[in-house]
Amino acid sequence: MKKTTSKIVTLSLAITLMAVANEAKAQSVFPTGVTIYNPAKAYNSYVLHSSPDEKSHLIDMNGNEVKSWPHIGFPSELIDPKNNNGKKGNILIQLENGPGVYGGIFNNKILGEQDWNGNTVWQWGKKAPGGAARQNHDVHRLANGNTLLVGTVDHIVAGVSDKPIDDQTIYEVNPNGDIVWNWNAGEHIDEFGISPEGRELLRKVYINGRKGHGFLTINDMQPIGPNKWFNAGDTRFHPDNIVIDSREVSFIAIIEKKTGKIVWRLGPDFDLKENDPKASNFVNSVNLRPSLATNVPRPVDRFSGQHDAHIIPEGLPGAGNLLVFDNQGPSGYPPTYLASQLGSRILEMIQLKKKLSGNTQL
């Protein structure tokens, strides 16, 4: 009886292992590495990413490493050859870090360009304010050969705090390392659509000042590029103008490169007065609740903790539309109420139709 039972258990275990093996062959989702890759639906290309091992890795769609550089980036940015005299395989990374994870994020010292063989061909930091680049969240090589980057600088922001805070700035730096254009978030605090209640909360957060972080966290910055809106005569969408988004305040905006003014904005709050004539105060007139709707198309009703807002380039499906990764993280002044059952999502927004505080909304 014991032998029979032993044989049955052994046979059962063998069948189970065979079933697991067959399922493993069939499944397309794995716990590590490339979790899913469907060649029929994914563009067959390469992925460049920075890593906590303080390196930058170029991998193929199956997760095989093609190339690595011994420096981290925030992010590691591949330079378009057409903006780099035809040179292929050059990337923008951080050559000298500051203390903390990901090169210090807001406290790194030198931003640099390395070629495919790991040779440093350009660097910037010593000519930066304070002698350190403090580059974070985004960087681009422009068609004119200059480099556009998000940085951090400590100074007093009027209307927020009478002590220095970690204001975020955008620099345009020429090949010689000279700053030829810059824009500070703190100088445009009145243009971001933050309510009086939100401004008061912001002042409380920064009452003692704060250094070493990123004021409003401008986590995305890139030129609009050629687009149908500008071709139709809307100068707010000039190809040189810059799309940004603030992760902490939940807005997306366009900076007019020529003047530095915010000429277009979406968020941070979405007016409900037109749907509720009785609404008389801020809490009742602004949508701070999570939207559970999934139907499309529909009016934009909420995003929170978003990243990578950009105008879809010409030649791609949805060209001219706004695409954003809505990370659904805690953010906003006042804070956005988040639904526990919802996760991150990608939003594509298409129709320009109304204005709020002088800035066009979707």
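Only this structure's heavy atoms are used, side chains among them; waters, hydrogens and symmetry mates stay out.
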Assigning hydrophobic clusters by single linkage (Ile, Leu, Val, Met, Phe, Trp, Tyr; side-chain heavy-atom cutoff under 4.5 Å), is [X] placed with [Y]?
X	Y	value
Val150	Val173	no
Phe325	Met221	no
Trp116	Val121	no
Ile170	Leu111	no

Heavy atoms of other groups near [X] [atom1], more than 12 under 6.0 Å:
X	atom1	value
Ile156	CD1	yes
Lys67	NZ	yes
Lys109	NZ	no

Could you please spell out the steps behind the ring-ring contact (aromatic ring centres under 6.0 Å, His included) verdict for Phe106 and His137?
-> CA-CA 9 Å; Phe106 301 104; His137 287 94; 5.7 Å; yes
Would a distance-only check, ignoring hydrogens and angles, find a side-chain to backbone donor-acceptor pair under 3.5 Å from [X] to [Y]?
X	Y	value
His71	Trp69	no
Asn44	Ala42	no
Asp53	Lys55	yes
Asn85	Lys87	no
Ser304	Gly329	yes
Ser246	Leu216	yes
Asp220	Asp245	no
Asp167	Gly186	yes

Does the separation of the ring centres of Trp264 and Trp229 fall below 6.0 angstrom?
->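 Ring-ring flag for Trp264/Trp229: false, centres at least 6.0 Å apart.
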State yes or no: are the ring centers of Trp183 and His188 separated by less than 6.0 Å?
->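 Ring centres of His188 and Trp183 closer than 6.0 Å.
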Could you tell me if [Y] and [X] have a donor-acceptor pair between their side chains, going purely by distance under 3.5 Å?
X	Y	answer
Gln328	Ser344	no
Asp166	Thr152	no
Asn184	Gln168	no
Glu348	Asn321	yes
Asn241	Glu256	no
Asn84	Arg141	yes

Taking the side chain as every heavy atom from C-beta outward, state whether [X] and [Y] have any pair of such atoms under 4.5 Å apart.
X	Y	result
Phe230	Pro239	yes
Ile72	Ser51	no
Ile255	Ile244	yes
Ile189	Val160	yes
Gln306	Leu266	no
Leu48	Ser76	yes
Ile262	Ile254	no
Pro334	Ser195	yes

Review item, side-chain donor-acceptor pairs of residues 88-98, under 3.5 Å, at least two apart:
from	atom 1	to	atom 2	distance (Å)
Asn90	ND2	Glu113	OE2	2.7
Gln94	NE2	Gln135	O	3.4
Gln94	NE2	Gln135	OE1	3.3

Where do Lys163 and Asp154 land on the salt bridge (Lys or Arg N to Asp or Glu O under 4.0 Å) test, with the steps shown first?
-> CA-CA 9 Å; Lys163 299 178 181 179; Asp154 298 323; over 6 Å; no
Check ion pair [X]-[Y] (N to O, under 4.0 angstrom):
X	Y	result
Arg236	Asp234	yes
Asp178	Lys127	yes
Lys257	Glu172	yes

Residue pairs involving residues 138-173 (criterion ring-ring contact (aromatic ring centres under 6.0 Å, His included); sequence neighbours excluded) =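 Non-adjacent pairs meeting ring-ring contact (aromatic ring centres under 6.0 Å, His included): Trp124-Tyr171.
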